[in-house]
Each structure stands twice: as structure tokens, then as C-alpha cells.
Amino acid sequence: MKARLSIATLVAGLLASSAAWAAVTVRYYNRDSRDYTWTAVCSGVRTTVSFGKSQTASVTIQGARPCTIQTDGGNVVLKGGEDLDIKDGRITVK
């Protein structure tokens, strides 16, 4: 009985931790003096992602990799861990 309880606890812990890995985190530098909010699509789920004006920060997008950010300047595909540079409303992956 103790062995079954331990295995069930282990499986539950693994499932809970796998949800934490279902995200894409990127670091960005927004050189523009305006905020941007774009649509991101991760594993078929649409969400919005915001980048603050004139700052360096990190942003986490919930969903499975890869994620596609849809901007006016084109789509950018992210796998996680990238450094982004935002200038004139366009995202460049460094």
C-alpha cells in the first residue's frame, strides 16, 4: 500500500511539474518609447504578450513550444531563451 501511494505521489508531482515547463521565457530590450502588445500562438492557443516601453525585461508566454508572435512586421517564432531586440515596432532575435 505504501509503495502504491509513493508511486502515485511521484506521478502527480511529475505531472504538476510538466505544466510548469509548458512556457516560453525570453529576455527583451525595447528601444522604442511605446508599449507593444502582440498576439502569441503557442500550441494552437492564442494569447497576448506585452513588452514595456524603453526597458530591458523578461516575459513568459504560457503554452508549449514553439510560440509564434504575430507582429505588423511579420511573425517571430520563439523556442525559449532567446534575447529579443525591439526597434521601430519590429522584433529581432539576437
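Computation of the quantities below employed the complete heavy-atom set of this structure, encompassing side-chain atoms and omitting hydrogens, waters and symmetry-equivalent molecules.
- For residues 59-94, there are no ring-ring contact (aromatic ring centres under 6.0 Å, His included) pairs, not counting sequence neighbours.
- For D85, the salt bridge (Lys or Arg N to Asp or Glu O under 4.0 Å) criterion is met by R31, not counting sequence neighbours.
- Within the structure, no pair that satisfies the ring-ring contact (aromatic ring centres under 6.0 Å, His included) test touches residues 59-94, not counting sequence neighbours.
- Sorted by first and then second residue, the disulfide (SG to SG under 2.5 Å) pairs involving residues 38-76 (not counting sequence neighbours) are C42-C67.
- Side-chain atoms of K87 and T92, non-hydrogen and from C-beta on, never get closer than 4.5 Å to each other.
- In this view, R90 satisfies the salt bridge (Lys or Arg N to Asp or Glu O under 4.0 Å) rule with no residue, not counting sequence neighbours.
- Contacts classified as ring-ring contact (aromatic ring centres under 6.0 Å, His included) and involving residues 64-94 (residues at least two apart or in different chains) are not found.
- Partners of S33 according to the side-chain hydrogen bond (donor to acceptor under 3.5 Å, both in side chains) rule, which considers only residues two or more places apart in sequence or in another chain, do not exist here.
- Applying the ring-ring contact (aromatic ring centres under 6.0 Å, His included) rule to pairs touching residues 60-89 yields nothing, sequence neighbours excluded.
- Evaluation of the ring-ring contact (aromatic ring centres under 6.0 Å, His included) rule for Y36 yields W38 as partners, not counting sequence neighbours.
- Between I86 and Y29 there is no side-chain heavy-atom pair separated by less than 4.5 Å.
- The side-chain heavy atoms of V24 and T60, taken from C-beta on, include no pair separated by under 4.5 Å.
- For T71, there are no side-chain hydrogen bond (donor to acceptor under 3.5 Å, both in side chains) partners at least two apart in sequence or on another chain.
- Residue pairs that meet the side chain to side chain donor-acceptor pair (under 3.5 Å) test with at least one member in residues 40-55, sequence neighbours left out, are Y28-Q55, T37-S50, R46-Q70.
- In terms of hydrophobic clustering, with Ile, Leu, Val, Met, Phe, Trp and Tyr side chains grouped at heavy-atom distances under 4.5 Å, V93 and V26 are assigned to a common cluster.
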Please list every donor-acceptor pair under 3.5 Å in which a side-chain atom of residues 72-83 meets a protein atom from a residue at least two apart or in another chain.
unit_1	atom_1	unit_2	atom_2	d
E82	OE1	G80	N	2.8
E82	OE2	K79	N	2.8

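- Heavy atoms only, all atoms of each residue included: I61 and A40 are closest at CG2-CB, 4.1 Å.
- I69 has its side chain within reach of V49: a pair of non-hydrogen atoms, C-beta onward, lies under 4.5 Å apart.
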